[in-house]
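Report on the structure given below.
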Amino acid sequence: MMTERPIIDAIDQVTPDWLNAVLRDSGALPRGSVASVDPGAGQSTFASTTWRLALTYSADAHPAAPGRLFLKLSSPARAPGDADPDHVRKEIAFYTTVAPAMGAGMTIPCYAAAYDPATGASHLLLRDVSATHDACLTPIRRNCELAIDALADLHAFWWDHPRLGEDIGSYPTPEERQQGWRDAQTCATAFMAALGDQLPAPWRAVYERVLPALPGLSRRHATGRNLTLVHGDAHLGNFLFPRAPEAGAAYLIDWQFWHPTIGGTDLAFMMATSWEPAIRRALELPLLRRYHDRLLARGVRGYTGDDCWDDYRLSVILVSIFIPVWQWSIFKWAPSLTGLAASMTAFEDLACADLLDGVIASSG
């Protein structure tokens, strides 16, 4: 159990005394004490600074006490562009509320998490799993299977869970949905204008057809059925993969964007948003079947393979093709035509236009 403590905002505040209190409260140090801590060199990331802490203990410490920890200090002031400072709060809420409710293997053990609403600053202390797990951005089949397994386990646990939208996340109100459609139209229109002739005409035509159809496309999310909690940023860079088979499952990290919605959101983000088309075409169907089979094995009912396929395609429309728009609009990144090409190719390969036509016809 984690006890709420003052925010750590500098590495010199991470003393043996502080670590003793944190590790004892979490149950990770049932006896003995931290003798020393070596923080090493800090590393700057998106809106945070991280350290890998090496700990030594007194001779009577429990042998299972963690020898290495991962510390993350975040502040909205470090975020580029117009990033929402609430995302820092959401990551802390994940580790203090969502992860303990799951008790699942796809999350790294957390020993301390705190957020200051006045400043938006936070600290997060996790087990350092770098000895057994590592990042891999290349879509190697085995890693992709482990990533799909982690997503399926996450989604299956929260599938139509009674706490979703209650004390775990919230669903957008009708007014918030309408504002989301208006924001998407404004940002995508500005994105197309900024690119001008660089944006191929067929891709421009996709946006021009999708934007007015957003209310109809969002009806699936508003059904209240077959919804779950998603990671929200499930590219391969946010997984840590076991270095050896005996090291266990893949871990999901960076939980700033979790929210309740359809599971296809994570699937499209992982496969259709950035993978080279040839790799996606080779892995996509086997991974989707694996995902659906694992959902069923974990107890999900009333969700067919066709439902899964359509949710994936819908998410390509609503998520994948808009990722470059949001990156340009919110984070002020240069427009990524390479990333957009991957999403637009997926849109074409998966006959997303047919799904779009059906929504438009039913809305008319």
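The figures here come from the full heavy-atom set of this structure, side chains too, leaving out hydrogens, waters and symmetry mates.
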| message | Can you tell me how the ring of Phe157 sits relative to the ring of His161, calling it parallel under 30°, perpendicular over 60° and tilted otherwise? | response | parallel
Which label fits Trp18 and His123: parallel for a plane angle under 30°, tilted from 30 to 60°, or perpendicular past 60°?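 Trp18 and His123: perpendicular rings.
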- Query: If you count the non-hydrogen atoms of other residues, nucleotides and ligands that lie under 6.0 Å from CD in Gln179, is the total more than 12?
  - Reply: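 Yes, because the 6.0 Å sphere around CD of Gln179 holds more than 12 heavy atoms from other groups.
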*Please say whether more than 12 non-hydrogen atoms of neighbouring residues, nucleotides or ligands are located less than 6.0 Å from CD in Gln178.*
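Check passes, neighbour count above 12.
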Could you walk me through whether Thr304 and Asp306 pass the side-chain hydrogen bond (donor to acceptor under 3.5 Å, both in side chains) test, one step at a time? CA-CA 5 Å; Thr304 68; Asp306 287 343; 5.1 Å; no
Using the ring pair (Phe, Tyr, Trp, His ring centres under 6.0 Å) rule, pick out the option among Trp159, Trp309, Tyr291 that qualifies with Tyr303.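 The option that passes is Trp159.
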So the salt bridge (Lys or Arg N to Asp or Glu O under 4.0 Å) pairs with at least one residue in residues 108-117 (sequence neighbours excluded) are none
- Task: Can you tell me which residue pairs pass the salt bridge (Lys or Arg N to Asp or Glu O under 4.0 Å) test with a partner in residues 225-237, sequence neighbours excluded?
- Result: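 Applying salt bridge (Lys or Arg N to Asp or Glu O under 4.0 Å) to every pair that reaches into residues 225-237, excluding sequence neighbours, yields nothing.
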Is there a side-chain contact between Leu126 and Tyr111 (heavy atoms, below 4.5 Å)?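 No, side chains not in contact.
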Considering only heavy atoms from C-beta outward, does the side chain of Leu195 approach that of Trp328 to under 4.5 Å? no
Of His231, Lys72, His87, the one forming a side chain to side chain donor-acceptor pair (under 3.5 Å) with Asp254 is Lys72
Side chain to side chain contact (heavy atoms under 4.5 Å, CB included) test vs Leu124 passes for just one of Tyr95, Trp255, Phe70, namely Tyr95
